[in-house]
Amino acid sequence: MIFEDRQLNRTTGKTLIGFNTTQHQHHNTVCPTHPESSHRIEKIKEALTTSGLLEKCEILTEFLEIDDADLEITHGKEMIRALTETDKLAQEEINELCKKYDSVFLTENSLKVAKNGVACVRELANRIMLNEASNGFAIIRPPGHHADSEAPCGFCVFNNVAQAAEEAFFNGAERILIVDLDVHHGQGTQRIFYEDNRVLYFSIHRHEHGLFWPHLPESDFDHTGAGPGLGYTANVPLNETGCTDSDYLSILFHILLPLATQFDPHFVIVSAGFDCLKGDPLGGMQLTPNGYSHFIYHLKALAQGRLLVVLEGGYNHQMSAVAAQKCVRVLLGHAPYPVELVDPPKESTVSSCVSLAAALRHHWNCFDYFPSRSTMRLADWPIINTKIEFKYDASTRPANTGKIIQDQLLSEDFGIPTSSGPFETLIFFNEGDDEHSSLEEEDNHPEKPARTRRILKTLRESGILEKCIERNSERSATDEEIQMVHNKEMLEHLK
């Protein structure tokens with residue numbers, strides 16, 4: 001298969017950063033201080049520049065134009081037609097049109113901006129799949145994960161990650177993992193792929209039994225897909241505010257990584273909403289930027305590193321910028337900074353995790369490590385949250401997001417610039433190891449010089465060795481160094 005050949009020839013490469021430079025033309029004309037604004041992008045760019053990370057990436061700002069045929073892969077013709085007509089309307093008429101949707105604002109240029117964002121994610125996905133880059137980050141707006149095939153929604157116009165997934169499919173991917181970290185459930189992405197077993201959609205979001213926007217029953221753990229896609233939707237609803245790194249990392253290690261590893265994707269997309277971070281005026285969570293970057297680090301280990309991060313929400317602009325900086329740092333090859341886990345995960349988080357595992361365990365045997373009284377695959381397994389609760393009453397819906405003053409929000413410094421210089425893997429071997437062998441068994445003993453020769457031969461033939469720095473061991477250990485581990489009697493005996 002074509003894709004398997006690409007798997008064999010995968011090499012490490014650059015990190016791409018994509019900007020849709022027209023994004024400032026999309027803004028809220030009714031509420032000028034609305035937090036989904038071009039200032040989000042400006043702060044992220046400032047953080048990447050100040051830290052010295054941006055200059056280490058390849059920056060893309062020009063993309064092939066997107067036409068309606070591209071958009072129709074994930075969106076209906078009527079939706080596209082309605083949005084296309086906005087460039088002929090006065091702003092007052094556009095504002096009236098927006099009232100038909102849930103939490104949407106547009107200008108006469110919004111269609112152009114949104115299509116440019118789609119073009120950006122498709123270009124990045126294309127280049128990553130073609131092995132021209134290792135990974136990428138599309139720093140674009142408007143966001144996209146709330147837009148489904150029928151309508152824009154929740155500050156979103158077109159579904160950027162769905163479009164990126166289709167580009168990856170076109171370039172040979174057969175299985176795609178989409179991880180949605182935005183504090184709001186990405187119902188648009190879920191709906192687009194709900195019956196598609198080529199996509200595993202995994203979302204961690206604030207739900208509070210439906211009290212938090214988008215106030216949908218389908219955001220709960222019991223919605224796991226339909227038809228061929230049954231078992232390929234995984235929702236972890238957070239039913240309390242204040243979830244910390246402990247909550248998020250427990251989900252990462254106990255639910256997401258086992259599931260993602262068994263799914264074995266060819267391409268990974270992260271819907272990178274930063275409104276789950278501490279200090280966000282809408283999110284109400286306490287995830288730290290360092291904790292967030294651990295998700296990127298571990299997801300980068302999948303799909304041979306084919307990872308595309310796509311900006312979604314994030315309404316504390318400074319904290320979003322810090323988190324974006326931490327994520328790009330990881331994309332470039334640095335390990336994430338450690339996190340301090342003070343409190344255990346909330347009981348409600350554990351409940352959601354075990355409930356989701358129970359809902360998925362008949363589809364994925366990675367959850368068989370959870371205890372059961374009888375045959376693991378067939379047993380009825382009690383779900384902690386056996387009662388599906390939906391508490392939302394439409395008459396009590398909160399007001400739409402309005403004025404937010406960024407200077408009044410929690411802030412964190414960008415930190416010191418990241419050290420420069422390429423990352424290198426050193427291959428050390430000790431020449432002369434053929435002098436250490438079994439004189440009695442000669443070639444029949446398994447611990448023989450041919451072991452290291454075979455390893456080096458395989459590394460050289462695979463092309464891996466040429467990407468490393470090959471070194472001979474230049475000296476022998478001193479007696480003092482040996483005795484840091486072994487006692488003097490042993491050393492004298494060997495001498």
Side-chain angles (χ1 to χ4, degrees), residues 1-16 53 55-58 124-136 168 171-177 257 260-268 296-308 328-336 418-478 481-482 485-486 494:
M1 294 175 62
I2 293 176
F3 184 80
E4 298 305 323
D5 290 340
R6 288 178 180 164
Q7 288 278 74
L8 292 173
N9 293 321
R10 177 69 172 160
T11 59
T12 57
K14 62 193 78 170
T15 291
L16 304 177
L53 294 172
E55 65 188 34
K56 297 179 175 64
C57 305
E58 181 178 346
L124 267 60
N126 173 270
R127 292 188 57 173
I128 294 168
M129 283 300 301
L130 292 179
N131 205 23
E132 295 176 7
S134 287
N135 50 56
N171 282 283
E174 297 175 4
R175 295 183 301 276
I176 295 176
L177 170 66
L257 285 181
T261 301
Q262 184 176 352
F263 180 63
D264 189 23
H266 295 150
F267 192 67
V268 179
I296 306 302
Y297 178 76
H298 289 284
L299 291 172
K300 207 175 88 162
L302 301 167
Q304 292 191 315
R306 293 184 182 90
L307 173 64
L308 174 60
V328 171
R329 182 178 176 277
V330 168
L331 291 176
L332 285 166
H334 294 268
T418 301
S419 59
S420 60
F423 284 90
E424 299 171 339
T425 296
L426 303 181
I427 301 292
F428 273 83
F429 57 92
N430 53 331
E431 281 193 337
D433 66 333
D434 53 347
E435 297 179 13
H436 174 69
S437 59
S438 172
L439 298 179
E440 294 182 356
E441 298 181 68
E442 296 183 355
D443 289 342
N444 293 325
H445 195 284
E447 208 300 281
K448 56 186 178 182
R451 290 177 61 229
T452 54
R453 301 292 181 270
R454 180 64 180 271
I455 291 172
L456 287 170
K457 180 175 182 289
T458 302
L459 290 175
R460 188 171 287 110
E461 291 176 348
S462 66
I464 292 176
L465 198 60
E466 67 186 33
K467 298 180 177 63
C468 306
I469 296 184
E470 196 174 336
R471 296 270 174 85
N472 294 325
S473 183
E474 298 175 351
R475 67 177 183 85
S476 298
T478 65
E481 289 170 332
I482 297 294
V485 177
H486 304 287
L494 287 173

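- The main-chain N or O of Val330 is found under 3.5 Å from a side-chain atom of Lys300 such that the two form a donor-acceptor pair.
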side-chain contact (heavy atoms from CB on, under 4.5 Å) between Ile128 and Phe267, worked out: CA-CA 9 Å; Ile128 294 168; Phe267 192 67; 3.7 Å; yes

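- A donor-acceptor pair is defined here as one N or O able to donate and one able to accept, closer than 3.5 Å; such a pair exists between the side chain of Arg175 and the backbone of Phe263.
- Looking at heavy atoms from C-beta onward, Cys57 lies in side-chain contact with Leu332 at the 4.5 angstrom threshold.
- Distance check: Asn430 CG to Arg475 CZ gives 13.0 Å after rounding to the nearest 0.5 Å.
- Taking CG from Leu124 and CG from Leu16, the interatomic distance works out to 5.0 Å, rounded to the nearest 0.5 Å.
- In this structure, CD1 on Ile427 lies 6.0 Å from CG on Leu459, to the nearest 0.5 angstrom.
- The shortest side-chain heavy-atom distance between Ile482 and Thr478 does not fall under the 4.5 Å cut-off.
- Separation of atoms NE2 (His266) and CG (Leu177) is listed at 12.5 Å; rounding is to 0.5 Å.
- Between the side chain of Asn135 and the backbone N or O of Leu331, at least one donor-acceptor pair lies under 3.5 Å.
- In this structure, Lys14 NZ and Glu132 CD are separated by 7.5 Å, a value rounded to the nearest 0.5 Å.
- Between His436 and Lys448 the shortest side-chain heavy-atom distance does not fall below 4.5 Å.
- Across every non-hydrogen atom of Leu465 and Leu456, the tightest pair is CD2-O, 4.3 Å.
- Surrounding CD of Glu481 are more than 12 heavy atoms belonging to other residues, nucleotides or ligands, all under 6.0 Å away.
- Looking at heavy atoms from C-beta onward, Arg306 lies out of side-chain contact with Val268 at the 4.5 angstrom threshold.
- Using a 4.5 Å cut-off on side-chain heavy atoms (C-beta onward), Ile464 and Thr425 make no contact.
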Yes or no on side-chain contact (heavy atoms from CB on, under 4.5 Å) for His298 and Leu257, after CA distance, side-chain angles and deciding distance? CA-CA 8 Å; His298 289 284; Leu257 285 181; 4.0 Å; yes

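- Two residues are said to be in side-chain contact when any heavy atoms from C-beta on lie closer than 4.5 Å; Glu470 and Arg460 meet this criterion.
- Considering every non-hydrogen atom in both Arg329 and Ala335, the closest pair reads NH1-O, 2.6 Å.
- A pairwise comparison of heavy atoms in Pro449 and Ser437 identifies CD-CB, 4.1 Å as the closest pair.
- Atom CD of Glu447 has more than 12 heavy atoms from other residues, nucleotides or ligands within 6.0 Å.
- Note that CZ of Phe428 is 9.5 Å distant from CD1 of Ile469, once rounded to the nearest 0.5 Å.
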